[in-house]
Undergrad: 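Below you will find the structure I want to go over with you.
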Amino acid sequence: MGRAPATSSSSSRSSSSGLKKGPWTAEEDLKLREYIEQHGAGNWRTLPENAGLQRCGKSCRLRWTNYLRPDIKRGRFSFEEEEAIIQLHSVLGNKWSAIAARLPGRTDNEIKNYWNTHIRKRLLRMGLDPVTHAPRLDHLLGSTSQLSNLSNLLC
DNA sequence: AAACAATTCAACCGCAGGACA
DNA sequence: TTGTCCTGCGGTTGAATTGTT
């Protein structure tokens, strides 16, 4: 293994190699969409140059898979979808791509974001551990001091 | 209306692993 | 077997948006 990253490690919005970073413009979206519709994705590394984009292939692939793909279902998650995510997460854990594969039209990135911003908090409010889905011990005991007392007893 | 805090989510990074020469 | 290229994944960041005081 071991090679230079495909993209600049700089956090600036345009790398020293001349590649653009940050939010995509409508014009860039159009270029990428039209290119893939005509030629297919093919090689992501060479796609930006062929499509006339000042982006790295990785950025193009991410934009396509998470936003531009025609089969993506946008908008809020339904109650059924949310329940499905919780159920799948209890079995698969943080395997977001595996969960996304079972939810047509949803991307792993979208599910991961939704989990971290909505579902995780909902489970915590319900007194459930978002990792194990089991009732939280500290929540049941009501305070951290009681928890430390318990751990002292166990030692 | 303004300032500040909290939340959301698009986009990034680093790494793992498959394919291939 | 080893090194390189490429793709895909999970975790994280930070700008934009929304809510609260």
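Letters go in sequence order (proteins before strands), and every chain restarts at 1.
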Undergrad: Between dC9(B), dG8(C), dG10(C), spot the one nearest the side chain of Asp108(A), thanks.
TA: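 The closest nucleotide is dG10(C).
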Undergrad: Of the options dA11(B), dG10(C), dT7(C), whose atoms approach the side-chain atoms of Arg45(A) most closely?
TA: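 Side chain of Arg45(A) sits closest to dT7(C).
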Undergrad: For the CZ atom on Arg76(A), are there more than 12 heavy atoms of other groups (residues, nucleotides or ligands in this structure) within a distance under 6.0 Å?
TA: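 Not more than 12 within 6.0 Å, no.
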Undergrad: Considering only side-chain heavy atoms of Leu62(A), which listed nucleotide, dC12(B), dC9(C), dA10(B), is closest?
TA: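 Closest of the options to the side chain of Leu62(A): dC12(B).
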Undergrad: Tell me whether the count of non-hydrogen atoms from other residues, nucleotides or ligands lying under 6.0 Å of CD in Glu27(A) goes above 12.
TA: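 Count not over threshold, so no.
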Undergrad: In terms of side-chain heavy atoms of Lys58(A), which of dA10(B), dC9(C), dA11(B) is nearest?
TA: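 Nearest nucleotide to the side chain: dC9(C).
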Undergrad: Give the nucleotide from the list dT8(B), dC9(B), dC15(B) with an atom nearest to the side chain of Asn113(A).
TA: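 Looking only at side-chain atoms, Asn113(A) lies closest to dC9(B).
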Undergrad: To the nearest angstrom, how far is Trp96(A) atom CH2 from dT12(C) atom P?
TA: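 Answer to the nearest Å: 12 Å.
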Undergrad: May I ask you to say what Asn94(A) touches in the nucleic acid, namely base, sugar-phosphate or nothing, with a heavy-atom cut-off under 4.0 Å?
TA: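 Sugar-phosphate: the residue Asn94(A), judged by heavy atoms under 4.0 Å, touches backbone atoms but no base.
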Undergrad: Does dT1(C) pair with anything, Watson-Crick or G-U wobble, both distances under 3.5 Å, and if so, with which nucleotide?
TA: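 Partner of dT1(C): none.
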Undergrad: What integer distance in Å separates Asn116(A):CG from dG14(C):C1'?
TA: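 Rounded to the whole Å, the gap is 15 Å.
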Undergrad: Less than 4.0 Å between a side-chain N and a carboxylate O, is that true for Glu28(A) and Lys20(A)?
TA: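 A salt bridge links Lys20(A) with Glu28(A).
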Undergrad: Rounded to the nearest angstrom, tell me the gap between atom CH2 in Trp64(A) and atom C1' in dC9(C).
TA: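 Those two atoms, CH2 and C1', are 20 Å apart.
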